[in-house]
Amino acid sequence: HVQLVESGGGSVRAGGSLRLSCAASGYTYSTNCMGWFRQAPGKEREGVAGMSTSGGGTYYGDSVKGRFTISRDNAENTLYLQMNNLKPSDTAMYYCAAAAGREIPAAQILSAKAYDAWGQGTQVTVS
C-alpha cells in the first residue's frame with residue numbers, strides 16, 4: 001500500500017519561497033517515478049514537476065520553469081519541491097504523486113493520468 005504525505009505549504013507574499021516535502025512509504029521509493037501537481041479552484045489538475053525513476057531526468061511545467069526545482073532524497077524517502085519567486089498565480093493545492101515500480105515516458109511525466117498514488121495535498125497561497 002502506497003502512502004504519500006505532503007507538508008510545507010503555507011501563505012507567502014509574492015516573490016517569496018516555500019519548500020514542499022512529500023514523505024513516501026509502503027514501497028521501494030527509489031524505484032518510483034514521482035511528480036508534483038497542483039489544482040486551483042475551478043481549474044484542472046496541472047503538472048508542475050516530475051522526476052524519472054533513475055533521478056536523471058527532471059521535467060517542469062512551462063509556468064514554473066526557472067523558479068521551481070524538484071529533488072529527491074532516496075535515503076529519507078522524501079520528494080521535495082523548492083519554489084522560488086512565487087506569484088499569486090501559483091496559489092493552489094499541491095499534490096505529490098507516484099507511479100509505483102515503473103517508469104513513465106517523458107511525454108507523460110506531467111500528466112496526472114500516468115500516476116496511481118496521490119497524497120492528500122498541501123495548500124500554497126501567494127498574495
Side-chain angles (χ1 to χ4, degrees):
H1 180 62
V2 176
Q3 288 187 329
L4 302 171
V5 180
E6 303 96 333
S7 61
S11 296
V12 296
R13 295 287 184 90
S17 298
L18 283 173
R19 188 174 81 155
L20 304 184
S21 299
C22 173
S25 62
Y27 60 96
T28 305
Y29 173 73
S30 62
T31 65
N32 290 273
C33 191
M34 300 191 72
W36 287 98
F37 291 78
R38 66 186 182 187
Q39 189 166 20
K43 295 188 177 181
E44 293 187 355
R45 191 163 294 192
E46 173 190 12
V48 174
M51 177 174 277
S52 67
T53 299
S54 66
T58 56
Y59 306 85
Y60 297 93
D62 289 341
S63 62
V64 306
K65 283 180 181 176
R67 300 188 297 122
F68 290 13
T69 303
I70 187 172
S71 62
R72 63 195 292 171
D73 184 334
N74 288 339
E76 296 294 328
N77 289 347
T78 304
L79 183 75
Y80 299 100
L81 184 68
Q82 178 66 43
M83 305 186 295
N84 297 329
N85 191 22
L86 283 160
K87 304 175 181 180
S89 56
D90 295 318
T91 295
M93 185 71 78
Y94 283 71
Y95 298 90
C96 173
R102 58 184 172 85
E103 184 63 87
I104 296 175
Q108 299 174 24
I109 205 163
L110 295 181
S111 171
K113 294 180 179 180
Y115 294 82
D116 47 28
W118 294 85
Q120 83 290 347
T122 186
Q123 178 68 37
V124 172
T125 302
V126 185
S127 59

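Below, each value reflects all heavy atoms present in this structure, side chains not excepted, and no hydrogens, waters or symmetry copies.
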Would you kindly confirm whether [X] and [Y] end up in one hydrophobic cluster when ILVMFWY residues are joined by side chain heavy atoms under 4.5 Å apart?
X	Y	answer
Met51	Tyr94	yes
Leu81	Leu18	yes
Tyr80	Tyr115	no
Met93	Leu110	yes
Leu79	Ile109	no

Looking only at heavy atoms, which two atoms of [X] and [Y] are closest? And how far apart?
X	Y	answer
Asp116	Ala98	OD1-O, 3.0 Å
Ile104	Ala99	CD1-CB, 3.6 Å
Cys33	Glu103	SG-OE2, 3.6 Å
Ala24	Leu4	CB-CD2, 3.7 Å

Is there side-chain contact between [X] and [Y], with heavy atoms separated by less than 4.5 Å?
X	Y	result
Arg45	Trp118	yes
Arg38	Val124	no
Ser17	Asn84	yes

Donor-acceptor contact below 3.5 Å, side chain [X] vs main chain [Y]:
X	Y	result
Tyr60	Ile70	yes
Thr125	Thr91	no
Gln120	Glu6	yes

Atom [atom1] in [X], atom [atom2] in [Y]: separation rounded to 0.5 Å?
X	Y	atom1	atom2	value
Glu46	Asp62	CD	CG	9.5 Å
Gln82	Ser21	CD	OG	9.5 Å
Leu20	Phe68	CG	CZ	8.0 Å
Gln123	Ser11	CD	OG	7.5 Å

Handout entry: Residues Asp90, Lys87; criterion salt bridge (charged side-chain N to carboxylate O under 4.0 Å, His left out); working and verdict
Key = CA-CA 5 Å; Asp90 295 318; Lys87 304 175 181 180; over 6 Å; no
